[in-house]
Novice: 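Have a look at this one before I ask anything.
Since this is a predicted model, take the numbers as computed values, not measurements.
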Amino acid sequence: MREDQCYEEICRELPEALAAFLRSAPRELRVSCCEIRLRPGRPISLFDGEESRFLDENGAPCPWERGRLLTPVELREALVSLTGFSVHSYAGEMEEGYFTTPKGHRVGISLDRTQTGLTLFPAAVSIRVAKEKKGAAEPILRVWEGKRGLILAGPPSSGKTTVLRDLARLISSGRLTGKPKKTAVIDERLEITALYHGVSPYDLGPCTDIIAGKQKREAILQAVRALSPEFILCDEIASPGEIEAIRYAFACGVRFVVTVHSGLEDVPKNEMLRLLMETGFFSHVALLQSHKTGKQIRTVIEDDDFLQASGGPTPFELYNGGRALGVGTAEEDDQSFKRNDPLLERLSDDASGGGPGTVGDRGSTWKRV
């Protein structure tokens, strides 16, 4: 697959003139783009994971003041095209503020509710570029053995869904434990699987079942009762009810991989992350950062140990049993790791003092091996 294939798939779903303009963007921007923002009367912007980028009429990067403006008519035509010229078949999803194209690209939409009649007047459209990146989750397997659950935490556009999708493939195909595992993917908003007419365009492994379009709490219970999964994967855990469903499934012998929204600096005080860790069902948290850094998985935190994975200017490797697999001794790397990653230094200090780094009633703390 070409590196800009996902971007190209979106272009094919847009009107010809708009698609031609987006294709004129520099290749590096087409590859790194994770969101296309369309707003009437304002410049088209491409978000690359760190900043919004703008293009002039010829497709060259430029300041926003010289960016190519999108007309209201172009925006309406884009929306119609993204729905496959069947806007009203997506009406229910649009009421929730989003819909998913057949290629799995989530489209966020803001409608002008002051207008009446059959014509839709979109005020903004945000197209998320869904990417299949095989191997994205490989570094996690060097640390996480699957005996308990895993949490993927990171800010928006850090690639949590991309890594989750790759983990489904790895677990289902036996790369985690040496044997294929029955895996259920809970895909409430069709972002993980892009399920269309019962088929996903992504490689999710040979033993993966999908429950799509259903609220996570009910879908988790349904999966346990009907599919007997060994692993359940789901995106964006955000409510106590979903955690209760995880408790029920864990009691039935199911292990979980879930994602949680969290800024990297907010990890110690993230309430949802704390609640999940306090269950004792999760052994590791992988902190994700922008793919533009070159190392998407910044750090893996064990519930009682820090396992360092690519956090700063020094290229640290993951630690295993207290011994660095990378450069220098563990003691030397420890000092360097603190100097080069203030976030991990603060988390380590919290753990040693029993502060926000303390994890649940198991009495363990987040600290580095």
Novice: With a cut-off of 6.0 Å (strictly less than), are more than 12 heavy atoms of other residues, nucleotides or ligands near CD of Glu96?
Specialist: no

Novice: Sequence neighbours excluded and cut-off under 3.5 Å, please list the side-chain donor-acceptor pairs for residues 35-44, or say none.
Specialist:
{"unit_1": "Glu35", "atom_1": "OE1", "unit_2": "Arg37", "atom_2": "NE", "d": "3.0"}
{"unit_1": "Glu35", "atom_1": "OE1", "unit_2": "Arg37", "atom_2": "NH2", "d": "3.1"}
{"unit_1": "Arg37", "atom_1": "NE", "unit_2": "Ser126", "atom_2": "OG", "d": "3.2"}

Novice: Tell me whether Glu8 is salt-bridged to Arg23, with the criterion being a basic N under 4.0 Å from an acidic carboxylate O.
Specialist: yes

Novice: Backbone N or O of Glu13 within a donor-acceptor pair of the Ser81 side chain at under 3.5 Å?
Specialist: yes

Novice: Could you check whether any side-chain heavy atom of Arg274 comes within less than 4.5 Å of a side-chain heavy atom of Glu271, counting everything from C-beta outward?
Specialist: yes

Novice: Could you state the interatomic distance from OG (Ser32) to CD (Glu51), rounded to the nearest 0.5 Å?
Specialist: 9.5 Å

Novice: Angle between ring planes, Phe231 versus Trp144, binned at 30° and 60°: parallel, tilted or perpendicular?
Specialist: perpendicular

Novice: Check whether any side-chain N or O of Asp4 sits under 3.5 Å from a backbone N or O of Leu29 as a donor-acceptor pair, and report yes or no.
Specialist: no

Novice: What distance do Leu22 atom CG and Cys11 atom SG have between them, rounded to the nearest 0.5 Å?
Specialist: 5.0 Å

Novice: Can we say Arg12 and Glu9 salt-bridge, meaning some charged N sits less than 4.0 Å from an Asp/Glu carboxylate O?
Specialist: no

Novice: Would the distance check show the side chain of Glu230 and the main-chain N or O of Lys182 forming a donor-acceptor pair, the cut-off being under 3.5 Å?
Specialist: yes

Novice: In this structure, which one of Arg165, Arg169, Lys134 forms a side-chain hydrogen bond (donor to acceptor under 3.5 Å, both in side chains) with Asp203?
Specialist: Lys134

Novice: Please assess Lys131 against Cys6 for the test side chain to side chain contact (heavy atoms under 4.5 Å, CB included), listing each intermediate value before the final yes or no.
Specialist: CA-CA 6 Å; Lys131 299 181 180 181; Cys6 300; 4.0 Å; yes

Novice: With no hydrogens and no angle check, is any side-chain donor or acceptor of Ser86 less than 3.5 Å from a backbone partner on Thr83?
Specialist: no

Novice: For the backbone of Thr71 and the side chain of Glu74, can you confirm whether one donor and one acceptor N or O come within less than 3.5 Å of each other?
Specialist: yes

Novice: Less than 3.5 Å apart, which donor and acceptor atoms pair up between the side chains of residues 239-246 and the rest of the protein, not counting sequence neighbours?
Specialist:
{"unit_1": "Ser239", "atom_1": "OG", "unit_2": "Glu242", "atom_2": "N", "d": "3.3"}
{"unit_1": "Glu242", "atom_1": "OE1", "unit_2": "Ala238", "atom_2": "N", "d": "2.8"}
{"unit_1": "Glu244", "atom_1": "OE2", "unit_2": "Arg247", "atom_2": "NE", "d": "3.3"}

Novice: Can you check whether Ala25's main-chain N or O pairs, donor with acceptor, with Arg30's side chain at less than 3.5 Å?
Specialist: yes

Novice: Regarding Arg217 and Glu188, does a basic nitrogen lie under 4.0 Å from an acidic carboxylate oxygen?
Specialist: no

Novice: Mind checking ring pair (Phe, Tyr, Trp, His ring centres under 6.0 Å) for Tyr90 and listing every partner two or more places apart, or none if nothing turns up?
Specialist: Phe99

Novice: Is Arg175 atom CZ crowded by more than 12 heavy atoms from other residues, nucleotides or ligands, each under 6.0 Å away?
Specialist: no

Novice: Checking the side chain of Asp166 only, and the main-chain atoms of Ala137 only, is there a donor and an acceptor separated by less than 3.5 Å?
Specialist: yes

Novice: Test side-chain hydrogen bond (donor to acceptor under 3.5 Å, both in side chains) on Thr183 and Ser172 and set out the steps.
Specialist: CA-CA 6 Å; Thr183 304; Ser172 177; 4.5 Å; no

Novice: Not counting sequence neighbours, which residues clear ring pair (Phe, Tyr, Trp, His ring centres under 6.0 Å) with Phe256? List them please.
Specialist: none

Novice: Is there a donor-acceptor pair closer than 3.5 Å between any side-chain N or O of Arg255 and the backbone N or O of Phe250?
Specialist: no

Novice: Do Ile232 and Leu227 have side chains that get closer than 4.5 Å, going by heavy atoms?
Specialist: no

Novice: Are Glu138 and Lys133 close enough, and set up right, to give a salt bridge (charged side-chain N to carboxylate O under 4.0 Å, His left out), and what steps lead you there?
Specialist: CA-CA 11 Å; Glu138 291 278 359; Lys133 189 176 179 182; over 6 Å; no

Novice: Examine distances only and state if a side-chain atom of Lys216 and a backbone atom of Asp187 form a donor-acceptor pair shorter than 3.5 Å.
Specialist: no

Novice: Does NZ or CZ of Arg148 lie under 6.0 Å from the centre of the six-membered ring of Phe281, at an angle within 45° of the ring axis?
Specialist: no

Novice: May I have the step-by-step check of salt bridge (charged side-chain N to carboxylate O under 4.0 Å, His left out) for Glu191 and Arg106, ending in yes or no?
Specialist: CA-CA 6 Å; Glu191 289 185 273; Arg106 176 177 162 187; 2.8 Å; yes

Novice: What distance do Thr193 atom OG1 and Asp209 atom CG have between them, rounded to the nearest 0.5 Å?
Specialist: 12.0 Å

Novice: Using side-chain heavy atoms (C-beta onward) and a distance below 4.5 Å, is Leu150 in contact with Leu167?
Specialist: yes

Novice: About how many Å separate OG1 of Thr259 and CG of Asp235, when rounded to the nearest 0.5 Å?
Specialist: 3.5 Å

Novice: Has Asn270 got a side-chain atom pairing as donor or acceptor with Met272's backbone, closer than 3.5 angstrom?
Specialist: yes

Novice: Out of curiosity, Cys207 SG to Lys181 NZ, how far, rounded to the nearest 0.5 Å?
Specialist: 10.0 Å

Novice: State the CG-CD1 distance between Leu75 and Ile109, to the nearest 0.5 angstrom.
Specialist: 8.0 Å

Novice: In chain order, what residues pass the salt bridge (charged side-chain N to carboxylate O under 4.0 Å, His left out) check against Lys147, with sequence neighbours excluded?
Specialist: Glu145

Novice: Under the rule for ring pair (Phe, Tyr, Trp, His ring centres under 6.0 Å), what residues qualify as partners of Phe21, not counting sequence neighbours?
Specialist: none

